[in-house]
Every structure is written in C-alpha cells, then in structure tokens.
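See structure below.
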Amino acid sequence: MNCCNSKPIIELYSGEKLCKTHFIQYFEDKVLKTIRRFDLLGKEENLGVALSGGKDSLTVLHILDKLSRQNPKIRISAIAIDEGIAGYRDKTLERAKEFCQKSNIKLHIFSYKEEFGLTLDEMLKILDVKPCTICGIFRRYLLNKKSKELRFTKIATGHNLDDECQSILMNQMKNNIRLSARLGPKVGLVEDDKFIQRIKPLYLCTEKEATTYAFLNGLLDEFNECPNAPQSFRAQVRDMLNNLENKFPGTKYSIVNSFLQTLPLIKQKFKDEAIKVCAKCSEPSANEVCNACIYLEKLKSKAVIN
Ligand code: SF4
Ligand code: ZN
C-alpha cells in the first residue's frame, strides 16, 4: 500500500510504502510521540545530546534542535567523547563539529587522552580486554561526570529500536536481568542526583528508519563503522536479529514491545538496590570502587600513566 502518488522510498515492516515527504513526517511524528508517551522531556530542560557524529546521534540532535527552536525552554547543546580510535572517531567527530557549527549548536568535546592520559587504542595495547567493554565503561563515566559539571538536566542519546533489542537479548543470553532493569526509553532504576538521566527519543525507530532519515536530511554521507565493532558480542546478536527480521518482519518490534510490558516488573524487583558512590572518584558505582577506577589502576600498575 503506497502513501500517495509520489515514488516510495521505504517500505515499513507493516508493508506500507512511504514517499520522502511522508516518511520524514512519519519519522518526526514517531519521535515526538515517543517523547510524549514516555515523558522524556519536562517543560524546561538544559539538555545535553550525546553526539558521536554517527547517523543516530546526528538524527536525534537534528530533531531535538528543531524542537528547541520551537520551544526556547528546551535548551540543547551537544557533548562528544573522543575515545581515540584512529581512522574512525576522528572522522565522525569532524562530521559532528561541522554539523554543530552549521546549526549553531554548542559542542563540548572530552577525550580519553586528556582525561585518562591514554587513547583507547593505546589502552588496548596494554590491557588484555575486549575493546567495547573498556570503551563503554570510560564513555559512560565521562558522559555522566561531564554532564554534571555542565549542569545538564538530561542526556539524550541516539539509541534506536535495534540497539535496544540487541541489549535485551544480550542480557537474556548472559542471564543478566539486573542490567535489563536499567534499559527502557529512560535509562536507570531510580532518579538520583549522582546520575544524569539518559533518554532515548529514537527508542521506537528502527535502524533502517534512522538511516533513511539521516540520509534524506543530508546527515549521512558515508557509512563508518568502528574497527572494533565486528569483534563484539553485540555484532553477532545484531546479525542474528537482522536475519530473523528479514524472515519474520516485525520481530524487533515484538521483542521491544513485550519487553516494555515486563519492564515495570523488572524495575520494581531491583529498585531497592542502593546506588553506591565510588570510594575513589565519587562517581556512581555498583561496587565499592567503580569499573573506571579499577581499569585506571590496572593501567597505572603497568606504569604507563601517573
Ligand atoms: Fe567503543 Fe566498541 Fe563502540 Fe568501538 S564499537 S566505539 S570500541 S563501544
Ligand atoms: Zn571511581
């Protein structure tokens, strides 16, 4: 079924085919409905948008920028973390800088090299650890710490439906439901000053939709993938889910929708878990000392940083 007489550019999983104009309208409506349905934004916000320079984060920034221009009480700026991944992050950050300059959005950049003394590439030569494990720990740490310093009320990320679906399955496969309790369109178990709340406006948008939107709006010129991504467990789960989606359209929606029905129960089960503070850095931690400090100690013990 086509939306109108114009040439369709995408087929949704429901079988509906949309032209460029109707798809852009459909996508932006879906993001705004997601924001309303899950109460992602208050009346007044000083919102930080986590920007990697990839298509999802540029898409979410583009839409939130439009929203903020219509509603001056929603102020936005972008925050980017430069992990130090040669040939990849340098390129995506160039794109992030260009976009922010063109759109007149303030961009704050923090790097592993400046904050921890080493780039991710350098850390991986010293520690025998999976790249995404250490990368994610340091990125979340810096994002939360710097967002508090910048007095952001929330951080919006570009996580889409495919990302969420992968996380749900990965946690199931690792029998780690505790981690799933932190998923959902609003990240975290309870509201707490130590955490800047993270929100996911693209929660119900598929990867295919986000890529199409980014492409149609000139936010994507080439596809860049982190060189470490193919080694990750996530990449295996992503490929498996894409195969299933091709054979059984709607699989990803079904997984996320059924998860949303059980999420309140999972959050309830883990709600009393106290949020501790790391004894070394005072950032939130599940244990006495946070993972970022544990890895920094390991790097120090190899006498490569002070
Ligand atoms: Fe970091 Fe892994 Fe993402 Fe690359 S794929 S940026 S290593 S988390
Ligand atoms: Zn710490």
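Read the numbers this way: they start at 1 and go in the same order the structure lists the ligands and their atoms. The figures here come from the full heavy-atom set of this structure, side chains too, leaving out hydrogens, waters and symmetry mates. Worth saying up front: this structure is predicted, and the values here are computed from it rather than measured.
Remark: Lys91 does not engage Glu94 in a salt bridge, criterion side-chain N to carboxylate O under 4.0 Å. In this structure, Glu209 pairs ionically with Lys30, as a charged nitrogen and a carboxylate oxygen lie closer than 4.0 Å.
When the side-chain hydrogen bond (donor to acceptor under 3.5 Å, both in side chains) test is applied to Asp239, no partner is found at least two apart in sequence or on another chain.
Other residues, nucleotides and ligands contribute over 12 non-hydrogen atoms within 6.0 Å of the CG atom of Asn246.
The side-chain heavy atoms of Met170 and Arg234, taken from C-beta on, include a pair separated by under 4.5 Å.
Counting only distances under 2.8 Å, and ignoring water, the protein N, O or S atoms around atom 1 (Fe) of ligand 1 are Cys135 SG.
Pairing each heavy atom of Pro131 with each of Leu120, the nearest pair is O-CD1, 4.4 Å.
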